[in-house]
Trainee: 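Starting off with a structure, shown below.
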Amino acid sequence: MRIMQPLPGFRDFLPADCAQRNYVFSKWREVARRYGFVEWDGPVLEPTDLYRKKSGVEIVDQLFNFTDKGEREVAMRPELTPSLARVVAAHEREFKKPLKWFSIGQFFRYEKQQRGRLREHYQLNCDILGESSLAADIELVALCTDVLRGFGFTKKDFVVRISDREFWIDFLKSRGVAADKWDDILQAIDKSEREPVEKTRTKLGELAEPAFAILSATGRTGRGEQGGEKSEKLDQLVDGLRGRGLAEFVEVDVRVVRGLAYYTGIVFEAFDRARKLRALAGGGRYDNLTGHLSDGSVNMPALGFAMGDVVLGELIRDTPAACEQMQNAIAATGKIDIYVVIAKEERRADALAQIQQLRDHGHRVDYPLAPAKVARQFQTAEELGARVALLYGDEWPQVKIKNMATGEQTLIAKEDIIARMQSAPR
Ligand code: HAM
């Protein structure tokens, strides 16, 4: 096996990649908190059966699973929703409803590696549990929209496509399709935009013609229409978003059905407007999942969405305004405050004593670990974005302070350094 490269679909995170990841995570966290969501997390390894029960065949086929040393069938988590339903069902009495929980974590799917799809990725998950009213669906779509707006995207860059699974369930019922076939058919419809028509036709069998008729007749509308029929629920959802000034970010689109098996009602997916990329985010209502996993002992309405970091990163890089916002944010957080220039090696011990104090006071301080020319040290100070350089040399017991922006230099007694650095603007 080649050991000098990561496995296919896995990434190394070099410092610049970590800076981007931190930026994405902090934006996710910031916007979720703006909506009053609290953070939680689950284990990365779960019993394989947790996903067999209700995630659907596609995800089960993609599991990174194995038998552990205790003969347990386990899987690296491919998604968070089943863990969430399990945790909430187990701790149901401990929390006031509705719960508004978010989580940021890594997920693993053995997928064919392609643009926007890797074998590990990070997701922001936001879920509301214990609320069946449409107000929760509106809140969630608004949150998904605002997370994307937070990255500097506008209505020209992305759209949230909204649909209602009940429409498709009604369609299947009206055609007399047995309930155990629904998952496969809904998955085929979900994939129909990405797969050759013939493949979808084979999967759908005699349902192909009526389903294609619906898909081509409806497409995108601004209003709550599905399959030519008015949907009051979708109308109300769009109205709710309009009231918040967010209607221009959404479109009703019957082609969205979602691949996962547990969805029961409103479903949605966010895409780049140019439709060059895979989905940025997806989610919906899954009112029966806690009931299914707890064998009926806890039944809690629920809804949520997840946004992945891979497609999001691609769209940020492809969108100049969003890219500039990210670079500015990274530049602002990556800088150090103070660079200590050790001009005379005899002063190294004195400098280090003060460096320790400055760091204890919360300043970001760096210095050369090995002797170096003074000019080289100033160059490093500049490269690291230091606000000031402190020079320890012949002036001791005074220290020279250089304002790196203006070049202005002043001398200050060593005892006054800490107070001076505390009062200097950060
Ligand atoms: P999902 O649509 O499977 O939904 O995934 C959500 C997002 O994660 C996708 O839109 C995509 O951005 C990203 N994603 C998924 N798989 C990959 C991959 N292999 N590589 C890169 N990115 C990927 C769920 O996972 C649901 N559990 C969401 C949910 C939360 N529903 C209710 N609550």
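As the structure is a prediction and not an experimental result, all values here were calculated from the model. Just so you know, ligand 1 is whichever comes first in the structure, and atom 1 is the first atom listed for that ligand. Below, all heavy atoms of this structure are taken into account, side chains as well, without hydrogens, waters or symmetry copies. Quick note: residue numbers are just sequence positions, from 1.
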Trainee: Just go through Glu111, Gln62, His121, Arg77 and tell me whose heavy atom is the nearest to atom 15 (C) of ligand 1.
Mentor: His121
Trainee: Evaluate Glu269 for polar contact with ligand 1, using N/O atom pairs at a separation under 3.5 Å.
Mentor: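 No, no N or O pair falls under 3.5 Å.
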Trainee: Show the atoms of ligand 1 that are less than 4.0 angstrom away from any heavy atom in Tyr262.
Mentor: 26 (C), 27 (N)
Trainee: Looking only at distances, can you tell me whether any N or O atom of Tyr263, backbone or side chain, sits closer than 3.5 Å to an N or O atom of ligand 1?
Mentor: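 There is such a contact, yes.
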Trainee: Would Val310 count as being in polar contact with ligand 1, using the rule that some N or O on each side must be under 3.5 angstrom apart?
Mentor: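 Between Val310 and ligand 1, no N or O pair is found under 3.5 Å apart.
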Trainee: Within less than 4.0 angstrom of ligand 1, does Phe271 place any heavy atom?
Mentor: no
Trainee: Arg109 versus ligand 1: do any nitrogen or oxygen atoms come within less than 3.5 Å of each other?
Mentor: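 Yes - when backbone and side-chain N and O of Arg109 are compared with those of ligand 1, one distance drops under 3.5 Å.
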Trainee: Any salt bridge between Arg258 and Glu269, counting N to O under 4.0 Å?
Mentor: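 Yes, Arg258 and Glu269 are salt-bridged.
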Trainee: Give the single entry among Ala281, Gly9, Gly116, Ala302 that approaches atom 21 (C) of ligand 1 most closely by any heavy atom.
Mentor: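 The nearest heavy atom belongs to Gly116.
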Trainee: Establish, yes or no, whether the cationic atom of Arg119 lies under 6.0 Å from the six-membered ring centre of Tyr110 and within 45° of the ring axis.
Mentor: yes
Trainee: For Phe378, is the NZ or CZ atom of Lys402 found under 6.0 angstrom from the centre of its six-membered ring and inside 45 degrees of the ring axis?
Mentor: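 Yes, Lys402 lies over the aromatic ring of Phe378.
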Trainee: Starting from atom 20 (N) of ligand 1, find the nearest protein heavy-atom neighbour and note its residue, name and distance.
Mentor: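 Result for atom 20 (N) of ligand 1: Leu118 N, 3.0 Å.
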Trainee: Mind telling me whether Phe25 and Trp28 have parallel, tilted or perpendicular rings, with 30° and 60° as the class edges?
Mentor: parallel
Trainee: Hey, what's the ring geometry for Trp40 with Trp101, parallel, tilted or perpendicular (30° and 60° as the breaks)?
Mentor: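 Trp40 vs Trp101 ring planes: tilted.
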Trainee: For Arg359, give me all partners under salt bridge (charged side-chain N to carboxylate O under 4.0 Å, His left out), at least two apart in sequence or on another chain.
Mentor: none
Trainee: Under a 4.5 Å cut-off applied to non-hydrogen side-chain atoms, are Leu315 and Val311 in contact?
Mentor: no
Trainee: Would you say Ala279 and ligand 1 have an N/O pair spaced under 3.5 Å apart?
Mentor: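 Such a contact does occur with ligand 1.
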Trainee: More than 12 heavy atoms of other residues, nucleotides or ligands under 6.0 Å from CZ of Arg72: is that the case?
Mentor: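 No - once you tally the heavy atoms of other residues, nucleotides and ligands closer than 6.0 Å, there are 12 at most.
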Trainee: Taking only heavy atoms of Thr81, which atoms of ligand 1 are found under 4.0 Å from at least one of them?
Mentor: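 The list of qualifying atoms is 26 (C), 27 (N), 29 (C), 30 (C), 31 (N), 32 (C), 33 (N).
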Trainee: From the options Glu79, Arg285, Arg258, select the one whose nearest heavy atom is closest to atom 4 (O) of ligand 1.
Mentor: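 Going through Glu79, Arg285, Arg258 one by one, Arg258 has the nearest heavy atom to atom 4 (O) of ligand 1.
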Trainee: Please list all pairs meeting ring pair (Phe, Tyr, Trp, His ring centres under 6.0 Å) that have one or both residues in residues 263-289, counting only residues at least two apart or in different chains.
Mentor: Tyr262-Tyr286
Trainee: May I ask you to check whether over 12 heavy atoms, not counting those of Phe64, lie within 6.0 Å of atom CZ?
Mentor: yes
Trainee: Measure the distance from atom 33 (N) of ligand 1 to every protein heavy atom, then report the residue, atom name and distance (to 0.1 Å) of the closest one.
Mentor: Asp127 OD2, 2.7 Å
Trainee: Is there any N or O on Gly283 that sits under 3.5 Å from an N or O of ligand 1?
Mentor: no
Trainee: Does an N or O from Glu120, backbone or side chain, lie closer than 3.5 Å to an N or O of ligand 1?
Mentor: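 Such a contact does not occur with ligand 1.
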